[in-house]
Amino acid sequence: MTRLSGAVRGVVTTLATLLAVTTASTTARADTGPKAPADFVTLRTVDRTILQEVRYFTPHNFVGERIDGYQQPLCILTRPAAQALHKAQTKLLRQGYTLKVYDCYRPQRAVNHFVRWAEDLDDQTMKGEFYPNVDKTRLFEDGYIAEKSGHSRGSTLDVTLVALPARPTRPYVPGEPLAPCFAPQQQRFPDNSVDMGTGYDCFDTLSHTLDPRIQGEQRANRLLLKSTLEELGFVNLAEEWWHYTFKPEPHPDTYFDFPVSVKSLTRAPEPPAHSARP
């Protein structure tokens, strides 16, 4: 009886050990996704006053669904880019404006999602708003879609201006009627930003920052955003009034693929966030 009990105890112990090892292995696999380098931060840890409307976490984008890799509606940037953006925000608040970001760091898996969508010529769900005058067969040739994006390096963002006090923006309802992104502001999908002449992510030459057809208040708004950001080290992409990259980039040759999530960030002490309300 003693020998049998000892044998049973041995089997139980072995099984418990195997279970523990299996559980630990499973947990380890669950926690070993790609992580961000230590110099990546959420924008809110640097400046809480900058508005965030992360479009690719929602279906209101040119694809029409949430984009791969956007697990949370967060703006993640390298710390130097976030700190420079905070300085821009400080200037703009004194002038009665706040910045609003549409997108910041973008994982490579999201870019891959864009590429798959662009190759599916039958999917034109959002054409009426985002690319009314562009044939989908030309998205790569015309430079609207590419297999790599500067956003994946962590220092590029898509940004606009909002006049204070900021009004709320209603959510997009999938399937609702679409209006062209270059229509007059009152006809486009409502956005609490100032009038930039087109909506965000508008696949049209009218989105070129200095397009001569954009004049008056619309041009003044673009130039205010451009001059403010360029004074602090950001460089505008000439084809997109909303697209800026902080220079010098901490990771100029690396395209990251960690998800947009707080869990992707390396835990490190953060400086106090600037929490003054716009």
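What you see is a predicted model, and the numbers here were worked out from it, not measured in a lab. These numbers come from the heavy atoms of this one structure, side chains and all, not from hydrogens, waters or symmetry mates.
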Tell me if a side-chain donor or acceptor on [X] pairs with a main-chain N or O of [Y] at a distance below 3.5 Å.
| X | Y | result |
| --- | --- | --- |
| Lys263 | Lys35 | no |
| Asp142 | Tyr144 | no |
| Arg222 | Leu210 | no |
| Thr58 | Val54 | no |
| His151 | Cys104 | yes |
| Glu240 | Leu237 | no |
| Glu147 | Val115 | no |

State which residues pass ring-ring contact (aromatic ring centres under 6.0 Å, His included) with Tyr172; sequence neighbours excluded, sorted by chain then number. His60

Please enumerate all residues that pass ring-ring contact (aromatic ring centres under 6.0 Å, His included) together with Tyr56, with sequence neighbours excluded. Tyr70, Phe114

Minimum heavy-atom distance [X]-[Y], with the two atoms named:
| X | Y | value |
| --- | --- | --- |
| Ala88 | Leu99 | CB-CD1, 4.1 Å |
| Glu249 | Ser155 | CG-CB, 4.1 Å |
| Arg44 | Arg48 | O-CG, 3.3 Å |
| Pro259 | Pro34 | CD-O, 4.0 Å |
| Ala82 | Val41 | CB-CG2, 4.0 Å |
| Arg106 | Val111 | CD-CG2, 3.9 Å |

Sorted by chain and residue number, the side-chain hydrogen bond (donor to acceptor under 3.5 Å, both in side chains) partners of Ser261 (sequence neighbours excluded) come out as Gln72

Take Leu85 and Phe234 through the side chain to side chain contact (heavy atoms under 4.5 Å, CB included) test and state the conclusion after the steps. CA-CA 9 Å; Leu85 202 64; Phe234 290 92; 4.0 Å; yes

Evaluate Thr205 against Arg213 for side chain to side chain contact (heavy atoms under 4.5 Å, CB included), listing each step before the verdict. CA-CA 10 Å; Thr205 54; Arg213 293 168 292 177; 2.9 Å; yes

State yes or no: do [X] and [Y] share one hydrophobic cluster built from I, L, V, M, F, W and Y residues joined by side-chain heavy-atom distances below 4.5 Å, directly or via other members?
| X | Y | answer |
| --- | --- | --- |
| Tyr105 | Val262 | yes |
| Ile67 | Phe140 | yes |
| Phe182 | Trp241 | no |

Test applied, side-chain contact (heavy atoms from CB on, under 4.5 Å); reference residue, Gln89; option that passes from Val46, Leu51, Ile50: Ile50

Test side-chain contact (heavy atoms from CB on, under 4.5 Å), reference Leu225, set Asn221, Thr228, Leu229, output is Leu229

Would you say Val159 and Trp242 make side-chain contact, with heavy atoms under 4.5 Å? no

With a 4.5 Å cut-off on side-chain heavy atoms, are Ser193 and Tyr102 touching? yes

State whether Asp39 and Arg79 are salt-bridged, where the test is any N-O pair (Lys NZ or Arg NE/NH1/NH2 against Asp/Glu carboxylate O) under 4.0 Å. no

In plain terms, say whether Arg219 and Glu217 are close enough for a salt bridge, that is, a side-chain N and a carboxylate O under 4.0 Å apart. no

Phe40 vs His251, ring pair (Phe, Tyr, Trp, His ring centres under 6.0 Å): CA-CA, chis, key distance, verdict: CA-CA 11 Å; Phe40 277 75; His251 305 281; 5.6 Å; yes

With sequence neighbours left out, which residue pairs that include part of residues 180-189 fulfil the side-chain hydrogen bond (donor to acceptor under 3.5 Å, both in side chains) condition? Arg188-Asp195

Steps toward salt bridge (Lys or Arg N to Asp or Glu O under 4.0 Å) verdict (Asp123, Arg116): CA-CA 10 Å; Asp123 183 354; Arg116 292 195 305 273; over 6 Å; no

So with a 6.0 Å cut-off around NZ of Lys87, is the heavy-atom count from everything else above 12? no

Who are the salt bridge (charged side-chain N to carboxylate O under 4.0 Å, His left out) partners of Lys148, not counting sequence neighbours? none

Any residue meeting salt bridge (charged side-chain N to carboxylate O under 4.0 Å, His left out) with Arg66, in chain and number order, not counting sequence neighbours: none

Should the pair Lys136 and Trp117 be classed as cation-pi, given the thresholds of under 6.0 Å to the six-membered ring centre and 45° from the axis? yes

Do Phe62 and Phe203 have ring centres separated by under 6.0 Å? yes

Yes or no on side chain to side chain donor-acceptor pair (under 3.5 Å) for Asp191 and Tyr200, after CA distance, side-chain angles and deciding distance? CA-CA 9 Å; Asp191 188 322; Tyr200 167 59; over 6 Å; no

